[in-house]
Amino acid sequence: MILETFIRVFVDADALDPTVAFYTELLSGRETLRFAYPEAGLELAAVSSAKLSVLIVAGPPERRAPFEATRLTIQVDRLESYADVLNAAGGQQLEPVRRTPVGRKTRFRHADGMIVEYVDHDAANG
């Protein structure tokens, strides 16, 4: 089951808090996730609302660059279920499932060419 879908926004580290505040106000949403991703040199935050969710990726441009080709993040209940569906629909898995500070992730190139990150979160991390 798809739990939430996020567009991605990329900002410098010092812009994280103002960007969270902007999207919280704009969307009448709330910050639902924030974590450091030390292996990547980034910090991430999510603002969720009923109509749109935004994943904000903050850090120096050279650290963000490898992530910027990925246009969308989709949180699912279980990655393996979606891997089968995506492969059957002509998707291409770009990386193996990896641990993150809040769960697991992988990326797929959809048959139309869009690169999408799929994540599942540990229950303890919400």
Side-chain angles (χ1 to χ4, degrees):
M1 166 189 337
I2 292 177
L3 303 175
E4 193 166 4
T5 303
F6 301 86
I7 64 163
R8 290 173 147 223
V9 174
F10 299 91
V11 299
D12 289 334
D14 62 353
L16 180 60
D17 288 332
T19 304
V20 167
F22 170 76
Y23 282 107
T24 299
E25 178 69 23
L26 179 71
L27 303 174
S28 297
R30 64 184 182 88
E31 185 176 325
T32 55
L33 182 71
R34 184 180 289 234
F35 65 95
Y37 197 176
E39 301 84 30
L42 300 169
E43 186 171 359
L44 287 81
V47 175
S48 300
S49 77
K51 301 289 185 185
L52 178 67
S53 295
V54 178
L55 180 66
I56 304 153
V57 180
E62 65 276 6
R63 301 294 253 171
R64 295 187 324 250
F67 295 84
E68 290 181 351
T70 304
R71 304 310 310 158
L72 197 63
T73 296
I74 299 176
Q75 182 184 358
V76 298
D77 57 349
R78 188 168 175 272
L79 288 177
E80 290 76 11
S81 301
Y82 281 86
D84 294 342
V85 170
L86 292 161
N87 284 320
Q92 175 190 9
Q93 191 167 1
L94 300 176
E95 63 187 24
V97 173
R98 296 184 179 151
R99 297 287 314 158
T100 71
V102 294
R104 302 180 309 152
K105 72 172 188 134
T106 189
R107 288 183 317 129
F108 272 84
R109 177 177 286 114
H110 288 183
D112 63 5
M114 184 188 324
I115 297 174
V116 177
E117 176 186 56
Y118 287 83
V119 300
D120 60 13
H121 291 169
D122 295 332
N125 291 308

> Got a sec, which residues hit salt bridge (charged side-chain N to carboxylate O under 4.0 Å, His left out) with Arg71, two or more places apart in sequence or on another chain?
Replying inline: none
>> Within the 4.5 Å heavy-atom criterion, are Leu44 and Leu33 side-chain neighbours or not?
In response: no
> Does the side chain of Thr70 reach to within under 4.5 Å of the side chain of Arg8, using non-hydrogen atoms?
Replying inline: yes
> Are Ile2 and Tyr82 close enough that some pair of their side-chain heavy atoms sits under 4.5 Å apart?
Replying inline: yes
> With sequence neighbours excluded, what pairs up with Glu4 under the salt bridge (charged side-chain N to carboxylate O under 4.0 Å, His left out) test?
Replying inline: none
> Would Asp17 and Arg34 satisfy side-chain contact (heavy atoms from CB on, under 4.5 Å), going step by step from the backbone distance to the final call?
Replying inline: CA-CA 11 Å; Asp17 288 332; Arg34 184 180 289 234; 2.8 Å; yes
>> So for atom CD, which belongs to Glu95, do other residues, nucleotides or ligands contribute more than 12 heavy atoms lying within a distance under 6.0 Å?
In response: yes
> Should the pair Tyr118 and Phe108 be assigned to parallel (<30°), tilted (30 to 60°) or perpendicular (>60°) ring geometry?
Replying inline: perpendicular
>> Quick one, Asp84 with Arg78, criterion salt bridge (charged side-chain N to carboxylate O under 4.0 Å, His left out). Give me CA distance, side-chain angles, the key distance, then yes/no.
In response: CA-CA 11 Å; Asp84 294 342; Arg78 188 168 175 272; over 6 Å; no
> Which residues satisfy the side-chain hydrogen bond (donor to acceptor under 3.5 Å, both in side chains) test with Arg30, sequence neighbours excluded?
Replying inline: none
> Mind checking what makes salt bridge (charged side-chain N to carboxylate O under 4.0 Å, His left out) contact with Arg64, not counting sequence neighbours?
Replying inline: Asp12, Glu68
>> Just to verify, what does Glu39 make a salt bridge (charged side-chain N to carboxylate O under 4.0 Å, His left out) with, not counting sequence neighbours?
In response: none
>> Suppose we screen for side-chain hydrogen bond (donor to acceptor under 3.5 Å, both in side chains). Which residues come up paired with Arg109, at least two apart in sequence or across chains?
In response: Gln92
